[in-house]
Amino acid sequence: MPVNEISKVIEILRKTVPPHPYKSRDPFRVLIATVISQRTKDEVTYEVAEKLFQKYPTAEKLKDAPVEEIARLIYPAGFYREKAKKIKEIAKLIWEKYKGKVPTTLDELLKLPGVGRKTANIVLSRCYGKDAIAVDTHVHRISNRLGWVYTKNPLETENALMKVLPRKYWRDINELLVMFGRTICRPQAPKCDICPVKQYCKYYQEKESGGGRSA
DNA sequence: AAAACGGGGGC
DNA sequence: GCCCCAGTTTT
C-alpha cells in the first residue's frame with residue numbers, strides 16, 4: 001500500500017475512532033499499568049492500576065508492598081500472582097538500581113521482569129517522546145488486515161511498519177489502533193459494514209470478492 | 001461447553 | 001519455535 005494511502009487511512013481513523021481513555025504520561029504509572037494490562041482486556045486494567053496507585057503511588061512505596069496485597073488489588077486483571085511478583089520486582093529495581101527513575105532506553109527497559117518490546121515501546125513513545133512503534137495484537141492484526149504489512153509475528157510487524165509507516169505516526173499508532181480494534185476492527189466478526197476505512201482495506205476487498213469467505 | 005482473547009519468558 | 005500462564009467474553 002502506498003505511503004500516502006496509509007496516511008489517509010490514519011487521518012480518517014483519527015477523526016472517527018474514540019480517544020484512548022488512559023491519559024497518564026508518568027513513566028512509572030504507564031509502565032506498571034502496561035504490565036498489568038498484558039494478556040487482559042485493557043478496559044478493566046486501568047481502573048485496577050489506579051487502585052494500586054492510590055495505595056502505592058511511587059516505586060519507593062510499591063517496592064515494600066506485600067506481594068499478596070498487590071495481587072489482591074490487581075486481581076480482576078488476571079495472572080495476578082505472577083504480575084504482582086513482577087511489579088514488585090520492577091519497583092525494587094527502579095528504586096535501587098535506577099534511583100527512582102524509569103529507564104529511558106529500550107535495552108534497559110527490556111531488562112526489567114515482565115517487560116518485553118510492546119511494554120517497553122509504550123513507555124518510550126508515550127512518556128519519553130521517542131519514535132517507537134508498540135506492536136500488540138491489535139497493531140499486528142490490523143496492519144495485516146489493511147495490507148500495510150504481511151507478517152506472522154509482532155516483531156516482524158514492528159520492523160516492517162518502520163519501513164512503510166511515516167515516522168510522525170509511530171508514537172500514536174498503538175493507541176489509535178487499539179481503539180479502532182476495540183470498536184470496529186475486532187479480532188472476530190469485525191464490523192466492516194460500518195468501518196470508515198473499508199475502501200482502503202485488503203481484508204474487506206477480499207471478503208467482498210471472495211464470496212463471503214473470511215481471510 | 002468450548003474456544004478466543006492478550007505478552008513475556010523459560011525451555 | 002513451542003508452550004505455558006488465569007479469568008473474562010464470545011460463539
Side-chain angles (χ1 to χ4, degrees), chain A residues 17 20-22 27-52 67-94 102-103 105-127 132-145 149-161 170 173-195 203 207 212-215:
Chain A
V17 166
H20 194 281
Y22 195 67
F28 174 70
R29 293 194 172 206
V30 170
L31 174 58
I32 299 298
T34 305
V35 170
I36 293 173
S37 81
Q38 288 166 188
R39 292 157 299 165
T40 87
K41 308 264 184 296
D42 45 16
E43 287 95 330
V44 190
T45 65
Y46 296 117
E47 301 169 20
V48 167
E50 285 313 308
K51 282 189 183 168
L52 181 69
V67 174
E68 315 83 62
E69 177 64 3
I70 300 174
R72 191 182 67 76
L73 288 166
I74 67 171
Y75 176 85
F79 296 84
Y80 48 90
R81 289 202 157 279
E82 82 185 52
K83 285 179 187 172
K85 270 181 66 180
K86 288 172 179 173
I87 287 169
K88 175 164 176 159
E89 186 61 22
I90 289 171
K92 187 185 281 187
L93 284 168
I94 288 176
V102 175
T105 66
L106 182 62
D107 284 349
E108 296 296 317
L109 285 166
L110 290 178
K111 289 177 186 165
L112 299 170
V115 178
R117 295 193 72 87
K118 182 257 186 172
T119 304
N121 281 331
I122 290 279
V123 173
L124 292 173
S125 62
R126 184 189 285 167
C127 306
I133 304 177
V135 178
D136 57 18
T137 59
H138 288 291
V139 176
H140 179 59
R141 178 186 68 256
I142 294 167
S143 297
N144 278 280
R145 269 192 190 156
V149 300
Y150 299 94
T151 60
K152 62 180 187 307
N153 63 53
L155 180 58
E156 270 187 43
T157 295
E158 186 184 333
N159 290 326
L161 280 178
W170 290 10
I173 201 68
N174 183 275
E175 290 189 16
L176 183 65
L177 294 193
V178 162
M179 295 309 293
F180 179 50
R182 240 193 236 179
T183 54
I184 307 279
C185 199
R186 305 178 299 184
Q188 318 128 209
K191 299 180 178 177
C192 297
D193 50 326
I194 60 164
C195 176
Y203 174 89
K207 189 165 67 166
R213 165 165 259 108
S214 63

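Below, chains carry the letters A, B, ... as their sequence lines are ordered, and counting in each starts from 1. We use all heavy atoms of the structure for the numbers below, so side chains are in, but hydrogens, waters and symmetry mates are not. Everything numeric here is computed off the predicted structure, so don't read it as measured data.
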Inset, instruction - Could you summarise the pairing of DNA chain B as dot-bracket text, marking Watson-Crick and G-U pairs under 3.5 Å with ( ) or [ ] inside the strand and | across strands? - result: |||||.|||||
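When side chains are defined from C-beta on, A/Ile74 counts as touching A/Ile87, because their heavy atoms get closer than 4.5 Å. A/Asn121 is not listed as a side-chain neighbour of A/Val135, based on a closest heavy-atom distance of 4.5 Å or more. Counting heavy atoms from C-beta on, the side chains of A/Arg145 and A/Lys207 never come closer than 4.5 Å. Between A/Leu112 and A/Leu31 the shortest side-chain heavy-atom distance falls below 4.5 Å.
Between A/Tyr22 and A/Tyr46, the ring planes are parallel. Angles under 30° get that label, and only those over 60° would be called perpendicular.
At whole-Å resolution of the value, CG in A/Asp136 and C1' in B/dG8 are 14 Å apart. Atom CG in A/Asn174 sits about 9 Å away from atom P in B/dG7, given to the nearest Å. Between the CD atom of A/Glu158 and the C1' atom of B/dG7 there is a distance of 13 Å, given to the nearest Å. In this structure, A/Ile74 places its CD1 atom 15 Å from P of B/dG7, rounding to the nearest Å. Rounded to whole Å, the distance from CD on A/Glu89 to P on B/dG9 is 12 Å.
A donor-acceptor contact under 3.5 Å is formed by the side chain of A/Arg39 with the base of B/dG7.
Tested against A/Glu175 for a side-chain hydrogen bond (donor to acceptor under 3.5 Å, both in side chains), the candidates A/His138, A/Arg126, A/His20 yield a single pass: A/Arg126.
Salt bridge annotation for A/Glu108-A/Lys111: present, with a cationic side-chain nitrogen under 4.0 angstrom from a carboxylate oxygen.
Residues satisfying the salt bridge (charged side-chain N to carboxylate O under 4.0 Å, His left out) test with A/Glu156, not counting sequence neighbours, are A/Lys152.
DNA chain B is contacted by A/Leu112, A/Pro113, A/Gly114, A/Val115, A/Gly116, A/Arg117 of residues 107-117 of chain A, taking any non-hydrogen atom closer than 4.0 Å. Listed by residue number, A/Phe79, A/Tyr80 are the residues of residues 79-88 of chain A with a heavy-atom contact under 4.0 Å to DNA chain C.
At distances below 3.5 Å, not a single donor-acceptor pair connects side-chain atoms of A/Lys86 with backbone N or O atoms of A/Pro113. Using modelled atom types, one side-chain atom of A/Ser125 and one backbone atom of A/Ile122 make a donor-acceptor pair closer than 3.5 Å. Side-chain N or O atoms of A/Asn174 include none that pairs as donor or acceptor with a backbone N or O of A/Val139 at under 3.5 Å.
Counted by atom type alone, A/Thr34 and A/Thr119 present zero donor-acceptor pairs between their side chains at under 3.5 Å.
Here the shortest heavy-atom pairing between A/Gly114 and A/Val35 reads O-CG2, 3.9 Å. For the pair A/Lys83 and A/Gly78, the tightest heavy-atom approach, listed with the atom from each and the gap, is NZ-O, 3.2 Å.
Shown here is A/Arg81, whose CZ atom has no more than 12 heavy atoms of other residues, nucleotides or ligands within 6.0 Å.
Nearest-nucleotide mapping onto DNA chain C: of A/Lys152 and A/Tyr75, the residue sitting toward the 5' end is A/Lys152.
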Between protein and nucleotides 1-4 of chain B, what N or O pairs are separated by less than 3.5 Å?
unit_1 : atom_1 : unit_2   : atom_2 : d
B/dA4  : O3'    : A/Gln188 : OE1    : 2.6

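Residue-level contact check: A/Ala189 touches the backbone only, with heavy atoms under 4.0 Å from sugar-phosphate atoms and none from bases.
Interatomic distance, A/Thr151 OG1 to A/Glu158 CD, rounded to the nearest 0.5 Å: 11.0 Å.
Protein chain A contacts DNA chain C from C/dC5 to C/dT11, reading 5' to 3' and using non-hydrogen atoms of the protein with a distance under 4.0 Å.
Rounded to whole Å, the P atom of B/dG6 lies 23 Å from the corresponding atom of C/dG1.
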